[in-house]
Trainee: 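Here you go, one structure.
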Protein chains: 2
Amino acid sequence: MKPQPQGPETRRKLLDAAAALYARNGVAATTMRDIAAACGINAGSIYYHFFSKDDITQEILDFGISCVIDNVTGALAKLDPDSSFLLRFRTAIDSHIRAFKEFEDYTIAHLRIFKQVPDHVQERNVVFRDRYEMIWRELLEEGVRAGIIDPSVNINAARLLLLGQMNWTIEWFVAGRDLSTEELVDLIARLFLRGSMTSTINRPGFSEEFMVQ
Amino acid sequence: MKPQPQGPETRRKLLDAAAALYARNGVAATTMRDIAAACGINAGSIYYHFFSKDDITQEILDFGISCVIDNVTGALAKLDPDSSFLLRFRTAIDSHIRAFKEFEDYTIAHLRIFKQVPDHVQERNVVFRDRYEMIWRELLEEGVRAGIIDPSVNINAARLLLLGQMNWTIEWFVAGRDLSTEELVDLIARLFLRGSMTSTINRPGFSEEFMVQ
DNA sequence: GTCTATATTCAGATAGAC
DNA sequence: GTCTATCTGAATATAGAC
C-alpha cells in the first residue's frame with residue numbers, strides 16, 4: 001500500500017493542500033485561510049483536526065522524509081540478498097528520485113522549509129533525517145568493502161555531495177522534459193562512480209597528473 | 001575591490017541585515033521592524049532608503065548571484081590564456097565555493113528564498129541566473145572539445161547536477177570542520193571528472209558491464 | 001465536523017515633526 | 001536622515017451555535 005499521512009479524509013486533504021502551498025510559497029506566506037480554502041472549508045474548522053499551524057508543519061516535514069526512507073528501504077529490501085553493490089547503489093538512487101517525484105509536495109516542502117520552521121519542529125524532524133543519512137552511509141561503506149569505491153575518497157563528504165545533488169534536482173528536473181527519470185538516475189550513478197571523463201583519459205595513473213595546478 | 005551592494009553606509013547595513021535575516025528565517029518571517037532593529041533605526045526610516053520590502057528583496061537576490069558571477073569570471077580571467085581545461089574547471093569550482101562563503105548571507109538568501117518571492121522579483125533575477133549558467137555551459141563545452149569530457153555525457157544535465165551539488169553545500173559545509181575548502185573543491189572536481197571508483201576497476205571497458213540490472 | 005463571529009496581535013506602509 | 005505616531009489590512013487562534 002502506498003504510504004500516506006495518517007488520519008481521516010479531511011485531515012489528509014488539509015495536509016496535502018498545506019504541503020503544496022508550503023512547497024510553493026513557504027510557511028509564513030501560507031495562511032490557515034489559504035489551506036482551508038483549498039479544501040473548501042473555513043479557517044476555524046482546521047482547529048478541529050490540528051492543534052496549530054506548527055502541528056501541520058511538523059506532520060508535513062516528518063512525512064516528507066519518512067516517505068523517502070520507506071521507498072528506498074523497501075526497494076533495497078526487494079533485491080536479491082546477494083545482488084551486487086552496483087545494483088544496490090543504482091536502486092537506492094532510483095528509489096530516492098522516484099519517491100521525491102511521487103510525493104513531491106511533501107518532499108519539496110520538506111527541503112524548502114526545513115530551515116525556516118521553529119527549532120522544536122526541526123529537532124523532532126532531525127530523527128528522520130539522521131535515519132536516512134545512515135542508509136546512505138552504510139551503502140557507501142558497503143561499496144568500499146566491495147572494492148568498488150576507492151578508500152581514499154572521503155565518503156562522508158561524498159555522501160553529502162551525492163545527496164545534495166539529488167535533493168537539488170527538485171529545483172530543475174521535470175521528468176520527461178529533456179531527460180527521462182531513468183536517464184537522470186543513470187547519469188547520477190555514472191558521475192558518482194565513474195565521472196565524466198573519456199575512457200581513454202580516465203586510466204589508472206591519470207589521477208596523479210590531472211589536478212596539478 | 002571587493003564587490004558589495006551599491007549605496008551609502010546605512011543602506012548597505014540594511015541590506016546586510018536583511019540578507020542575514022532572510023537567509024535564516026525566510027522573507028515572510030522577516031519584518032521591516034526586524035531589519036530596522038538590526039541596524040539600530042526604526043522601521044519607518046527604512047522607507048527613506050527603499051521603496052518597499054520587495055525592493056530590498058530584489059537587491060539581495062540580484063547581489064546574491066552577481067557576486068558569484070563576478071568572482072568566478074574574475075578568477076577565470078586571471079588564468080593564463082592557454083591554461084588547461086582541468087585547471088580552469090578546478091578554478092571555477094574553487095571560486096564558486098569561495099564566493100558562496102565570502103558573501104554567504106546573500107548567496108544563501110538567494111538560494112533559499114528565490115522560489116518564495118513575487119514573480120516580478122524572480123523574473124528580474126533570472127537574467128543573472130541565466131548569465132551564470134552560461135559560464136558553466138561554455139566551460140563544459142570546452143571540456144568536451146578538449147577531449148576530457150566524454151561526448152556521450154549529457155552535459156546540460158551534468159551541469160545542473162554539478163551546480164546543484166555545489167549549491168547544496170550551503171546546507172552542510174562548514175569550512176575547516178571536517179573538511180577544508182580546498183579538500184571540498186578537490187572532491188567535487190574529482191567526483192565530476194573521475195568518479196569515486198578505484199583505478200583498477202575504473203578501466204576502459206568497464207562502462208559497458210557496470211550498470212546492468 | 002463545520003459554521004460564524006471575533007479577540008488579539010502584528011504586518012507593511014505613510015505623514016509630518018525635527 | 002531618522003524620529004514618533006498611526007492607518008489599514010490580515011494573521012493565528014478561540015468560542016459557541018448548529
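The chains referred to below are lettered A, B, ... by the order of the sequence lines, with proteins before strands, and numbering in each begins at 1. These figures come from a predicted structure and were not determined experimentally.
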Trainee: Starting at NZ of K53(A) and ending at C1' of dA10(D), how long is that distance when rounded to a whole Å?
Mentor: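 Distance, rounded to whole Å: 12 Å.
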
Trainee: Using only side-chain N and O atoms of T10(A), determine if any of them is under 4.0 Å from OP1 or OP2 of dT2(C).
Mentor: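 For T10(A), the contact criterion (side-chain N or O under 4.0 Å from OP1 or OP2 of dT2(C)) is met.
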
Trainee: Relative to the ring of W136(B), is the ring of F89(B) parallel (under 30°), tilted (30 to 60°) or perpendicular (over 60°)?
Mentor: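 Rings of F89(B) and W136(B): perpendicular, as their planes differ by over 60°.
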
Trainee: What's the CE-C1' distance between M32(A) and dT14(D), to the nearest Å?
Mentor: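 In whole Å, dT14(D) C1' lies 12 Å from M32(A) CE.
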
Trainee: Where along residues 24-31 of chain B does a heavy atom come under 4.0 Å from DNA chain C, residue by residue in number order?
Mentor: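 Nucleic-acid contacts, sorted: T30(B), T31(B).
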
Trainee: Indicate whether OP1 or OP2 belonging to dG1(C) is found under 4.0 Å from a side-chain N or O atom of Y48(A).
Mentor: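 For Y48(A), the contact criterion (side-chain N or O under 4.0 Å from OP1 or OP2 of dG1(C)) is met.
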
Trainee: Using atom OH of Y47(A) as one end and atom P of dA13(D) as the other, report the distance to the nearest whole Å.
Mentor: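 Taking OH of Y47(A) and P of dA13(D), I get 4 Å after rounding.
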
Trainee: Roughly how many Å is it from CD1 in I46(A) to P in dT14(D), rounded to a whole number?
Mentor: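 One finds 13 Å between P of dT14(D) and CD1 of I46(A), rounded.
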
Trainee: Students often mix this up, so state it plainly: with edges at 30° and 60°, are the rings of F114(B) and H110(B) parallel, tilted or perpendicular?
Mentor: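 Rings of F114(B) and H110(B): tilted, 30 to 60°.
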
Trainee: Minimum heavy-atom separation for I35(B) to A18(B), with atom names?
Mentor: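 Looks like CD1-CB, 3.8 Å.
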
Trainee: Any salt bridge between K101(A) and E104(A), counting N to O under 4.0 Å?
Mentor: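 A salt bridge is present here (some side-chain N lies under 4.0 Å from a carboxylate O).
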
Trainee: Looking only at non-hydrogen atoms, find the nearest pair between T107(A) and A99(A) and report the distance.
Mentor: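 Between these two residues, the closest heavy atoms are CG2-O, 4.2 Å.
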
Trainee: Are there more than 12 heavy atoms of other residues, nucleotides or ligands under 6.0 Å from atom CZ of R129(B)?
Mentor: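 Yes, the 6.0 Å shell around CZ holds more than 12 heavy atoms from other groups.
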
Trainee: What is the distance from CD1 of I56(B) to P of dG12(C), rounded to the nearest Å?
Mentor: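 For the pair I56(B) CD1 and dG12(C) P, the rounded distance is 9 Å.
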
Trainee: Between I35(A) (CD1) and dA13(D) (P), how many Å, whole number?
Mentor: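 Going from CD1 in I35(A) over to P in dA13(D) covers 10 Å.
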
Trainee: Would you please classify the geometry between the Y132(A) ring and the H96(A) ring as parallel, tilted or perpendicular, with 30° and 60° separating the classes?
Mentor: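 H96(A) and Y132(A): parallel rings.
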
Trainee: Would you list the protein and nucleotides 3-7 of chain D atom pairs, both N or O, that sit under 3.5 Å from each other?
Mentor:
{"residue": "dC3(D)", "atom": "OP1", "partner": "N42(B)", "partner atom": "ND2", "Å": "3.3"}
{"residue": "dC3(D)", "atom": "OP2", "partner": "N42(B)", "partner atom": "N", "Å": "2.5"}
{"residue": "dC3(D)", "atom": "OP2", "partner": "N42(B)", "partner atom": "ND2", "Å": "3.1"}
{"residue": "dC3(D)", "atom": "OP2", "partner": "S45(B)", "partner atom": "OG", "Å": "3.0"}
{"residue": "dC3(D)", "atom": "O5'", "partner": "N42(B)", "partner atom": "ND2", "Å": "2.9"}
{"residue": "dT4(D)", "atom": "OP2", "partner": "N42(B)", "partner atom": "ND2", "Å": "3.0"}

Trainee: Minimum heavy-atom separation for A36(B) and N42(B), please, with both atom names.
Mentor: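 Shortest heavy-atom separation between A36(B) and N42(B) comes out as CB-C, 3.5 Å.
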
Trainee: Are E59(A) and R11(A) ion-paired here, with the side-chain N under 4.0 Å from a carboxylate O?
Mentor: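 Salt bridge present between E59(A) and R11(A).
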
Trainee: Taking atom P of dT2(D) as reference, at what distance in whole Å does atom CD of E9(B) sit?
Mentor: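 In whole Å, dT2(D) P lies 10 Å from E9(B) CD.
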
